[in-house]
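Down below is the structure, laid out as structure tokens.
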Amino acid sequence: MAVVSIPGGGEVDQLYAETRALRLQGFLLFLVSDIVLFSSFIFAYLYLRNSGQGWPPPGVTRPAIALGAVNAAILFGSGATMHYALENFKHGKFMRYAAFMISTIILGVLFLSGQGFEYYTLYVHDHVSWSGSGIFGASFFTLTGMHGFHVFCGIWYLTILLLQSVHGVYDKNKYFGLTAGTLYWHFVDVIWVVLFSIFYLV
Amino acid sequence: MSKHRGFTIVTVVLALLSIAEILYFWLMPTVEPWLPPEGGHPGDQVDWLFRFMASAAALLYTFVVGYVIYFAIAFRRRRGDSPDALGPNIHDNPKLEAAWTIVPTLFVVLLSVLSIKIWYVLQVQPANGLVVESIGRQWYFTFRYPDVNGEVTSEMHLPVNVPVTLNVTSADVIHSFWVPDMRLKADMIPGMINTIRFTPTRIGRYKIICTEFCGTGHSTMDKQVMVVEPVAQYEVWYRGWQVHNAQVSNAIPTVSSGAISLTGGSASAGQALFAQKCTACHALGPFSQRIVGPGLLGVLHDPTHPNLVDGDPATPPNVAKILQNGYTGSFGHMPDEAENGLSSKDIANLVAYLNTLKVK
Amino acid sequence: MSVIAEHGGLAEHIHPEPQGFIRKYIFSLDHKIIGIQYIITAFVFFVLAGCLAEIIRIQLMHANGGFITPDTYDEVYSIHGSAMVWLVIIPMLTGGFGNLVMPVQIGARDVAFPWLNMISFWIFPVSGLMLFSSFLMGAPVAGWTEYPPMSLQGAAGTSMWCAAIFLVGVSSTLTGINFLVTMLKMRAPGMTYTRMPLFCWGQFATAPLLMIATTALAAALAALFMERQFGVPFYDPTKGGSPVLWQHMFWFYSHPAVYIMILPAFGIMSEVISVFSRKPIFGYRLIAFSSAAIALAGFMVWAHHMFTSGIAPYMQLPFMVITFIIAVPTGVKIFSWIATLWEGKIHLTSSMLFALGFLVLFTFGGISGVFLAAIPFDLHVHGTYFIPAHLHFVLVGGSLMGIFSGIYYWFPKMTGRYMSEFWGRVHFVLFMIGFLGTFLPMHWLGAEGMPRRVATYDPQFQGVNQFESIFSFIMTLAILIFFINALYSIRNGKKAGHNPWGARTLEWQIPSPMPYYNFKHIPSVFGLPYDFTEPLPYAHLEEELTDSPVPVGSH
Ligand code: HEA
Ligand code: HEA
Ligand code: CUA
Ligand SMILES: [Cu+2]
């Protein structure tokens with residue numbers, strides 16, 4: 001079987017190299033269409049917000065910026081740990097990789113709990129709900145909910161990757177799944193940057 | 001080369017044909033076979049644009065179709081040709097390609113300039129014009145005039161040669177306000193006001209048509225008219241509504257619970273009301289001619305239709321009862337007076353009108 | 001490394017052909033089978049949607065209607081439009097012809113993700129059934145555009161409509177990703193972008209539209225669904241939403257969607273016209289480039305459907321001008337095809353006749369599109385029969401003619417047999433007559449004052465409508481002949497060799513029907529496939545036609 005060398009040293013068989021290229025491209029394109037999905041809802045939100053009713057609409061309390069900021073910090077932190085996880089894996093430091101990976105997952109769960117708490121306060125305390133608070137409720141819960149769902153899927157995805165790597169599915173030359181997982185997690189991070197700015201900051 | 005002589009001949013013929021078409025589009029006195037008669041400004045400008053685009057399109061299209069057909073015939077494989085005969089290896093011709101990129105581009109620029117000029121006319125607020133509002137409803141139009149209390153529910157009247165700013169909106173779903181003769185339309189969107197500006201210049205009665213799907217009655221939302229008349233006549237009509245609506249708002253229609261007095265019903269008022277509120281669901285045809293509800297041409301005078309849908313004999317008081325209370329039976333749901341927005345007076349008028357209808 | 005090397009990699013990674021009927025024909029992973037599955041399924045939906053069209057025409061024979069109630073009529077044209085767009089033309093041209101031909105034409109063994117391809121296909125019939133089942137619970141009534149607030153009030157079937165279109169959109173998105181990766185990464189050695197057959201260029205320009213525009217539609221549909229089912233306010237003005245928001249989101253998808261429906265048909269035109277003129281395609285580079293230009297500009301014109309909706313006046317102008325500009329690259333194509341005919345040795349086969357018919361009809365529809373783009377004129381004809389006139393000229397006279405042309409052209413490749421040429425010509429003649437009689441007068445109706453989507457209309461238009469209806473029956477007859485011809489020819493058509501038309505793209509250099517895994521050896525490419533007088537521009541093709549390829553690798 002023909003063998004090709006990969007950037008950063010090491011060699012893999014050609015079939016893997018080629019299918020990796022395909023899968024990477026496919027995964028990136030999938031992320032592009034996911035970005036379009038978010039962008040469409042973001043467009044809808046900005047469009048409605050600027051349709052002249054004032055913001056937030058009368059009688060609606062916006063979520064507290066402090067909680068949002070803490071949550072954002074958690075998620076960005078998890079982006080960093082994810083990055084180190086992949087780096088360590090590449091260099092064959094499995095235990096450090098696993099530790100970073102587990103912290104990423106824990107941070108993800110923390111983020112979701114933070115969001116759950118935020119929803120709870122909004123709903124119970126401020127009576128802001130999905131369908132009952134006009135376009136604010138609609139766009140806020142839809143977008144952050146969509147994002148939360150992505151985080152939720154990401155947590156499962158990372159867990160599966162972790163288990164797979166424990167079972168030796170990946171080695172230091174073949175770890176496409178981990179690359180994809182990292183890309184996905186960073187993507188979820190970046191989306192949150194946008195959502196955080198448009199919902200909490202401006 | 002005979003082939004190329006043929007090409008020259010065809011080109012000349014196509015050129016002559018296009019010139020004839022272009023002349024036709026500019027020399028025809030009105031655009032009438034292609035568009036309805038034009039009733040005002042800026043309809044005249046739209047017509048001008050139409051002549052321009054139609055003549056350019058005719059030129060282009062004549063050549064495209066002419067060449068396609070001519071080439072298909074002239075260059076077809078003939079009986080004598082070997083089955084493997086090939087055409088020459090022509091790959092491209094930069095000059096030609098540049099030409100057919102640049103010429104259409106220039107044309108498009110010209111078309112943009114002309115369209116923008118006319119578009120601009122549409123945006124200009126006329127000085128001391130009349131400001132009218134129209135509200136789309138399922139499935140009729142109502143109108144508001146300055147200093148008239150409430151809505152005008154019959155025809156829309158406009159004085160001739162007076163610029164109009166028409167603001168449109170909707171009370172329920174999206175409708176669209178179109179008067180073909182004025183060449184203008186605007187969507188009536190709930191919660192939004194759209195504006196069109198025009199000056200009717202020809203006296204006449206023009207259809208107002210809804211062109212945005214708005215439910216069951218959309219098809220029939222073309223029964224109302226815009227009446228363009230001399231200023232004096234318009235003034236009379238306008239004062240009439242001022243007085244009428246002032247009275248109505250004094251005596252808010254009392255929802256009558258008992259039988260309705262049918263005396264003094266005006267058939268002509270009933271007819272106008274019918275065109276607005278009933279034709280969405282009822283045809284003026286025999287009972288069997290159904291739109292949503294049954295045809296009403298013979299509701300009171302058709303021996304083959306002695307009883308109304310609720311089983312009562314077809315008499316004016318019983319018809320009034322249906323109009324007042326509505327009825328839901330095998331055809332579906334006939335709205336009651338509140339849903340149809342009818343006062344007792346309206347019902348009396350409607351019954352008087354229905355009473356005049358007879359199957360021929 | 002953007003090109004698959006010849007040895008050792010994917011190119012030699014061949015699974016043995018599955019033998020069971022189910023794995024071979026039902027849940028097949030083979031792009032050719034999947035392509036045929038798409039085509040057949042889309043034709044089934046075409047017959048259903050076509051029958052709805054005839055119901056429309058029967059209703060409109062009389063000014064007072066009477067054949068069906070207005071409510072049923074509204075359901076009928078809504079499903080007619082939705083099904084024709086989403087279940088017929090888009091799947092047929094992308095999933096169907098794209099799958100059937102594109103991988104072979106670029107010299108690949110399959111698409112990049114065969115599993116994904118199978119899943120995309122199977123989503124499609126399921127969502128089609130969902131769409132038609134909405135009739136059972138009260139189908140949507142507000143047309144294929146489903147503008148709220150009307151669509152918020154529609155019967156339960158409207159939510160079903162949302163779900164069905166959402167699903168078929170997922171299928172489109174996945175196909176778009178799949179095709180794009182295939183064309184970016186799996187071209188045979190030497191198959192540079194400027195050597196790709198123009199059909200592939202059509203698909204190449206379409207794939208990003210599928211991927212990006214469809215996702216935007218998914219968002220719009222999801223919001224509509226949430227609003228209908230859970231009362232989440234996006235579009236309802238009484239709760240602070242905006243009906244115009246839907247229009248923006250819908251047309252941001254649906255304008256690119258009309259190019260999804262025409263760019264692959266343009267690709268078919270380029271192949272067919274060049275092959276049957278026995279001449280290289282004229283102006284290859286400009287045709288290829290203009291596809292990309294159209295796709296790109298297609299994202300910037302959506303508001304030309306909304307000139308009457310009250311978007312800020314100055315915002316209308318760029319949309320108008322960019323819409324005009326799209327006429328230029330499209331014109332380049334039309335002119336190049338006509339120039340290809342020049343001095344050719346034209347074979348007037350059925351396929352070529354439909355291509356010539358395409359030139360004649362599509363150009364008309366395109367020009368009426370330019371009329372529509374001019375705001376002052378659009379203010380007059382928007383929402384009238386002028387719009388169905390335009391859309392049927394480009395969709396039936398363009399996309400559907402392209403599909404017919406493509407079927408006549410690739411039928412021998414799919415089945416190894418010809419379709420009857422005689423009946424093909426009868427089909428063509430009747431179809432042209434029926435088409436022009438049905439749709440040409442619609443322009444006049446619209447301009448004179450007949451709104452669209454009406455079940456009853458002003459009696460002054462009755463004569464013209466009856467005329468149209470009668471011609472639509474002729475068109476139906478033509479299509480019936482086409483179906484009989486196709487079904488009959490699958491088993492009984494005259495046998496065709498592997499390359500009956502003397503074409504030079506790769507799919508014609510392998511046996512018909514195409515063998516599993518396409519090529520024994522991936523060919524190398526050293527030229528354009530359109531130089532008929534030159535030897536074939538492929539290396540390593542020698543053994544393709546002798547015996548079938550043997551699986552060499554295993555998992
Ligand atoms: C690609 C798309 C496509 C195609 C191919 C067609 C094909 C046809 N369309 Fe359609 N049409 C649309 C897309 C398409 N349409 C869209 C998007 C709308 C707008 C909807 C809206 O307003 O929301 C529309 C709307 C529309 C209207 C306007 C409705 C209205 O506004 O009130 C009409 C009216 O005549 C019409 C007619 C037809 C006819 C007669 C055909 C014919 O060409 C069909 C012929 C085909 C067949 C008949 C099937 C094959 C025949 C057989 C298998 C034989 C056996 C069949 C019988 C005996 C019936 N269409
Ligand atoms: C295959 C589908 C298809 C295609 C290719 C097109 C192509 C075009 N369409 Fe069309 N369109 C539809 C499908 C399509 N359309 C549908 C379905 C609707 C209705 C939706 C609904 O409301 O239900 C619609 C509606 C529609 C509208 C909205 C009308 C309204 O609702 O008010 C407009 C307005 O600008 C428009 C314009 C155009 C233009 C400018 C093109 C251009 O791309 C055409 C370009 C081609 C040419 C111009 C011909 C060839 C060119 C030459 C020979 C060169 C020289 C020419 C010039 C310089 C003019 N279309
Ligand atoms: Cu009102 Cu259509
Ligand atoms: Cu468009």
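Below, read A as the first sequence line, B as the second, and so on, with proteins coming before strands; counting in each chain starts at 1. Keep in mind that this is a model prediction, so the values were computed, not measured.
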Modelled atom types, side-chain donor and acceptor of B:His91 and C:Asp531, under 3.5 Å: yes
Parallel, tilted or perpendicular: rings of B:His4 and C:Trp342 (30°, 60°): tilted
Best-contacting candidate, C:Phe364, C:Trp337, C:Tyr284, C:Tyr73, against chain B by heavy atom pairs under 4.5 angstrom: C:Phe364
Proximity breakdown for B:Ile90 and chain C, heavy-atom pairs closer than 4.5 Å: both
Short side-chain to backbone donor-acceptor contact, B:Lys185 and C:Leu379, under 3.5 Å: yes
Option in B:Ile209, B:Leu111, B:Val179 with maximal non-hydrogen atom pairs under 4.5 Å from chain C: B:Leu111
Heavy-atom contact with chain C under 4.5 Å, split by part of B:Asn93: both
Greatest number of heavy atom pairs closer than 4.5 Å to chain B - which of C:Leu353, C:Leu348, C:Val360: C:Val360
Ring-ring centroid check B:Phe213 C:Tyr147, cutoff 6.0 Å: no
Atom group of C:Leu356 that falls short of 4.5 Å from chain B, counting heavy atoms: both
Exceeds 12 heavy-atom contacts within 6.0 angstrom, atom CZ of B:Phe107: yes
Side chain / backbone / both / neither for C:Leu528 at chain B, heavy atoms under 4.5 Å: neither
Side chain / backbone / both / neither for B:Asp81 at chain C, heavy atoms under 4.5 Å: side chain
When C:Gly446, C:Gly310, C:Pro280 are compared by non-hydrogen pairs under 4.5 Å with chain B, the top option: C:Pro280
Presence of salt bridge, B:Asp84 and C:Arg278, under 4.0 angstrom: no
Contact winner vs chain B - C:Ala373, C:Gly143, C:Ser336, heavy-atom pairs under 4.5 Å: C:Ser336
Per-residue contact mode, C:Pro329 against chain B (heavy atom under 4.5 angstrom): neither
B:Pro42 portion near chain C, given a 4.5 angstrom heavy-atom threshold: neither
